[in-house]
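Comments concern the structure below.
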Amino acid sequence: MNVMAHTNGNGHSQNHTTEQGLRVHHLANLGGLIALAGLDLEPPDYLLGALLSVAQETRRLSASERERVARLGRNKLDQRATGKRAWKSWQRAQDLHGLTLSGTQVRDIIKALGHQVPDDPTLLVLALSEALTEARV
């Protein structure tokens with residue numbers, strides 16, 4: 001896990017891992033797909049309702065119907081030449097796993113990896129990242 005620093009619009013420095021950056025990039029690409037579908041100007045409640053409706057419909061589609069829907073999407077992506085970026089982001093996202101840990105759990109993992117737990121709780125994620133990176137070597 002690499003930790004990267006960037007500055008947000010308020011001039012405050014923020015740290016995030018490479019994995020978090022990939023996740024943000026993937027979510028931005030999903031937003032681009034929503035825009036390509038012409039839904040980016042819809043109000044949030046309608047957009048979420050539409051996506052939930054599509055998700056429900058998707059579960060009922062046969063393999064051939066899914067292929068027909070995918071073909072519509074591929075044609076639109078090919079027209080916009082964004083297909084490569086969207087596919088690459090999707091493929092990277094398949095290797096990301098959302099994980100929520102308490103501070104106690106993070107401390108326990110750091111200790112189990114044989115590292116010193118920082119006193120400052122805001123440094124826990126960085127310490128865990130460093131411990132995991134060293135454990136991989």
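Applying the side-chain contact (heavy atoms from CB on, under 4.5 Å) test to S62 and every residue at least two apart in sequence or in another chain returns S64, E65.
In this structure the side chain of L52 never reaches within 4.5 angstrom of the side chain of Q56, judged on heavy atoms.
One finds the CD atom of E42 at 10.5 Å from the CG atom of L51 (value rounded to the nearest 0.5 Å). The CZ atom of R107 lies 8.0 Å from the NZ atom of K111; values are rounded to the nearest 0.5 Å. The CG atom of L61 lies 12.0 Å from the CD atom of E67; values are rounded to the nearest 0.5 Å. In this structure, CG on D108 lies 7.5 Å from OG on S102, to the nearest 0.5 angstrom. To the nearest 0.5 angstrom, I109 atom CD1 is 5.0 Å from L101 atom CG. Rounding to the nearest 0.5 Å places CG of L47 at 10.5 Å from CG of L41.
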Yes or no on side-chain contact (heavy atoms from CB on, under 4.5 Å) for V106 and V117, after CA distance, side-chain angles and deciding distance?
-> CA-CA 9 Å; V106 173; V117 176; over 6 Å; no
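Scanning both residues, T122 and D120, for their nearest heavy atoms gives OG1-OD1, 2.7 Å. Here the closest non-hydrogen pair linking I110 and L124 is CD1-O, 3.7 Å. Residues L36 and K76 share a closest heavy-atom pair of O-CE, 3.5 Å.
Ion pairing between E19 and R23 fails under the 4.0 Å rule for side-chain N and carboxylate O.
Side chain of T58 to main chain of V54: a donor-acceptor pair is present (N/O by atom type, distance under 3.5 Å, no hydrogens or angles). Between the S129 side chain and the V125 main chain, no donor and acceptor come within less than 3.5 Å of each other.
Hydrophobic clustering of Ile, Leu, Val, Met, Phe, Trp and Tyr side chains at less than 4.5 Å, counting indirect connections, keeps V24 apart from I34.
At most 12 non-hydrogen atoms from other residues, nucleotides or ligands lie less than 6.0 angstrom from CZ of R66.
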